[in-house]
**Student:** 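Quick one: structure below, then a few questions.
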Amino acid sequence: MKVVIASDIHGSAYYAERVKEAFEREHGELLVLLGDIYNPGPRNPISKDYAPMKVAEILNSLKDKTLVIKGNCDSEVDTLISEFDFCDFSQIFVDGLKVTLTHGHKFNKDNMPANAGDLMCYGHFHTGFITEVGNTVVANAGSVSLPKDGTPSSYLTLEGGVLTLKDIDGKVIDSKTIKK
């Protein structure tokens with residue numbers, strides 16, 4: 001199964017469309033969005049082509065292939081325009097790997113949950129990376145719309161036990177094979 005993981009769209013119709021394009025280009029089977037879907041939050045600038053209703057239209061078209069984690073900027077009212085549920089966090093199994101999915105404002109590389117599994121992915125900090133904490137591979141998908149600290153707009157793919165961080169155009173930034 002190929003999973004495409006993105007985070008922090010923050011209401012950008014332009015970047016929501018880029019995520020959809022990446023999902024299709026990657027031939028993804030599951031799209032995981034790690035939160036902060038529609039709202040910019042009080043500390044972020046308004047993202048390019050800010051249009052939450054258009055973002056909802058784009059993402060609703062993928063609702064049957066999408067798992068959405070609730071971010072710190074996502075609110076209950078966001079569910080009114082979404083044809084998918086927001087989960088506080090999730091754990092899934094992909095190719096025999098236990099994968100923890102969270103936004104990152106509570107659990108992250110500096111505050112690991114118990115039983116994080118083989119892989120933990122999050123967003124929130126808007127900087128993409130892959131590292132290890134103990135026996136767990138930890139990755140931040142970055143932000144597709146508002147990357148920080150000189151990092152590019154990015155997303156992750158997971159397939160066959162290989163986690164890859166890519167820029168929004170699909171260029172590989174980093175990659176790691178996850179051992180069971």
Side-chain angles (χ1 to χ4, degrees), residues 3-20 22-23 28 30-92 94 99-113 116-117 119-130 136-149 151-158 163 165-166 168:
V3 182
V4 176
I5 304 165
S7 190
D8 295 275
I9 296 170
H10 288 290
S12 170
Y14 173 82
Y15 283 104
E17 189 61 42
R18 297 295 311 270
V19 166
K20 182 178 180 179
F23 182 68
L30 176 65
L31 175 62
V32 174
L33 299 174
L34 297 174
D36 289 358
I37 306 302
Y38 302 122
N39 298 306
R43 296 178 299 177
N44 295 317
I46 299 296
S47 56
K48 179 178 182 172
D49 293 339
Y50 180 74
M53 292 299 290
K54 180 67 176 166
V55 172
E57 180 183 318
I58 293 164
L59 298 180
N60 285 339
S61 75
L62 300 169
K63 67 184 175 189
D64 294 332
K65 299 177 181 181
T66 303
L67 171 62
V68 180
I69 305 300
K70 183 179 180 184
N72 62 307
C73 292
D74 296 318
S75 65
E76 188 175 329
V77 74
D78 294 339
T79 64
L80 300 177
I81 61 171
S82 304
E83 296 175 13
F84 47 82
D85 293 326
F86 286 75
C87 306
D88 287 332
F89 73 95
S90 186
Q91 287 188 319
I92 61 175
V94 179
V99 182
T100 297
L101 305 165
T102 186
H103 178 60
H105 62 299
K106 293 180 182 174
F107 294 112
N108 54 61
K109 69 180 176 67
D110 298 321
N111 185 32
M112 296 286 290
L119 170 63
M120 183 175 83
C121 298
Y122 62 96
H124 183 65
F125 295 98
H126 298 215
T127 55
F129 64 80
I130 301 172
T136 302
V137 172
V138 178
N140 190 306
S143 171
V144 292
S145 68
L146 298 169
K148 294 183 179 176
D149 298 333
T151 60
S153 297
S154 59
Y155 65 95
L156 297 161
T157 62
L158 176 62
L163 181 70
L165 177 66
K166 298 181 179 183
I168 198 65

**Student:** Can you find a heavy atom in the side chain of H10 that is under 4.5 Å from one in the side chain of Y15?
**Tutor:**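 In short, these two side chains do not touch, never coming nearer than 4.5 Å.
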**Student:** Taking all non-hydrogen atoms of both residues into account, name the closest pair between P40 and Y50 and its distance.
**Tutor:**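 Reported closest heavy-atom pair: CD-OH, 3.6 Å.
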**Student:** Within the distance-only criterion (no hydrogens, no angle test), does the side chain of N140 pair as donor or acceptor with the backbone N or O of G142 below 3.5 angstrom?
**Tutor:**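 Here the side-chain-to-backbone pair exists.
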**Student:** Just wondering, do I37 and V68 contact through their side chains at under 4.5 Å, heavy atoms?
**Tutor:**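 Of all side-chain heavy-atom pairs linking I37 with V68, at least one is under 4.5 Å.
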**Student:** Please report the interatomic distance CG(L101) to CD1(I92), rounded to the nearest 0.5 Å.
**Tutor:**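 With rounding to 0.5 Å, CG (L101) is 5.0 Å from CD1 (I92).
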**Student:** Any chance CZ of F89 has more than 12 other-residue heavy atoms, nucleotides or ligands included, within less than 6.0 Å?
**Tutor:**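 Counting other residues, nucleotides and ligands, CZ of F89 stays at 12 neighbours or fewer.
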**Student:** Donor-acceptor pair, distance only, cut-off 3.5 Å: does the side chain of N111 make one with the backbone of F107?
**Tutor:**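 Between the backbone of F107 and the side chain of N111 there is no qualifying donor-acceptor contact (under 3.5 Å).
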**Student:** Would you say the side chain of V99 lies within less than 4.5 Å of the side chain of Q91, judging by non-hydrogen atoms?
**Tutor:**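 They are not in contact (no side-chain heavy atoms under 4.5 Å apart), so the answer is no.
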**Student:** Can you measure from NZ (K48) to CD1 (I46) and round to the nearest 0.5 angstrom?
**Tutor:**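 It comes to 15.5 Å.
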**Student:** Minimum heavy-atom separation for K70 and H103, please, with both atom names.
**Tutor:**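 Looks like O-CB, 3.6 Å.
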**Student:** Going through the checks in order, is the side-chain contact (heavy atoms from CB on, under 4.5 Å) test met by L156 and C121?
**Tutor:** CA-CA 9 Å; L156 297 161; C121 298; 4.1 Å; yes
**Student:** Which heavy atom of Y122 sits nearest to which heavy atom of K109, and what is that distance?
**Tutor:**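 Nearest pair, atom of Y122 first, then K109: OH-N, 3.2 Å.
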**Student:** Under a plain distance cut-off of 3.5 Å, with no hydrogens placed, do Y38 and S82 share a side-chain donor-acceptor pair?
**Tutor:**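 Yes, side-chain donor-acceptor contact under 3.5 Å.
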**Student:** Any side-chain heavy atom of I5 within less than 4.5 Å of one from L34?
**Tutor:**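 Yes, side chains in contact.
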**Student:** So which heavy atom on S145 is nearest to which on I9, and how close?
**Tutor:**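 Minimum heavy-atom contact is OG-O, 2.8 Å.
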**Student:** Do D8 and V144 come within less than 4.5 Å of each other through their side chains, counting heavy atoms only?
**Tutor:**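 Side chain of D8 against side chain of V144, heavy atoms only: no contact under 4.5 Å found.
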**Student:** Can you tell me how far apart OG1 (T102) and CE (M112) are? Round to the nearest 0.5 Å.
**Tutor:**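 The CE atom of M112 is 10.5 Å from OG1 of T102, to the nearest 0.5 Å.
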**Student:** Any non-hydrogen side-chain atom of T136 less than 4.5 Å from a side-chain atom of L119?
**Tutor:**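 No; the side chains remain at least 4.5 Å from each other.
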**Student:** Where do H124 and H126 come nearest, in terms of heavy atoms and distance?
**Tutor:**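 In this case the closest contact between H124 and H126 is O-CD2, 3.0 Å.
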**Student:** Evaluate side-chain contact (heavy atoms from CB on, under 4.5 Å) for L59 paired with L33, printing each intermediate quantity in order.
**Tutor:** CA-CA 10 Å; L59 298 180; L33 299 174; 3.7 Å; yes
**Student:** Between V3 and V32, is any pair of side-chain heavy atoms under 4.5 Å apart?
**Tutor:**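 A side-chain contact exists here, since the closest heavy-atom pair is under 4.5 Å.
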**Student:** Write down the atom of N39, the atom of D74, and the distance for their closest heavy-atom approach.
**Tutor:**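 Minimum heavy-atom contact is ND2-CA, 4.5 Å.
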**Student:** Can you find a heavy atom in the side chain of V4 that is under 4.5 Å from one in the side chain of Y155?
**Tutor:**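 Heavy-atom side-chain distance check passes, below 4.5 Å.
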**Student:** To the nearest 0.5 Å, how far apart are CG in D36 and OG in S7?
**Tutor:**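 OG of S7 is found 6.5 Å from CG of D36.
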**Student:** Which value, rounded to the nearest 0.5 Å, describes the distance between L165 atom CG and S154 atom OG?
**Tutor:**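 L165 CG to S154 OG: 5.0 Å, rounded to 0.5 Å.
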**Student:** With a 3.5 Å distance limit and no angle check, can you tell me whether T151 reaches the backbone of P147 through a side-chain donor-acceptor pair?
**Tutor:**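 Not at all, since once roles are kept as given, no pair shorter than 3.5 Å links the two residues.
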**Student:** Regarding K20 and E17, does a basic nitrogen lie under 4.0 Å from an acidic carboxylate oxygen?
**Tutor:**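 The answer is no: the pair does not qualify as a salt bridge.
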**Student:** In Å, rounded to the nearest 0.5 Å, how long is the span from OG1 of T157 to CG of L163?
**Tutor:**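 Separation between the atoms: 7.0 Å.
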**Student:** Where does the angle between the aromatic ring planes of F86 and F84 fall among parallel (under 30°), tilted (30 to 60°) and perpendicular (over 60°)?
**Tutor:**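 The arrangement is tilted - the two ring planes meet at 30° to 60°.
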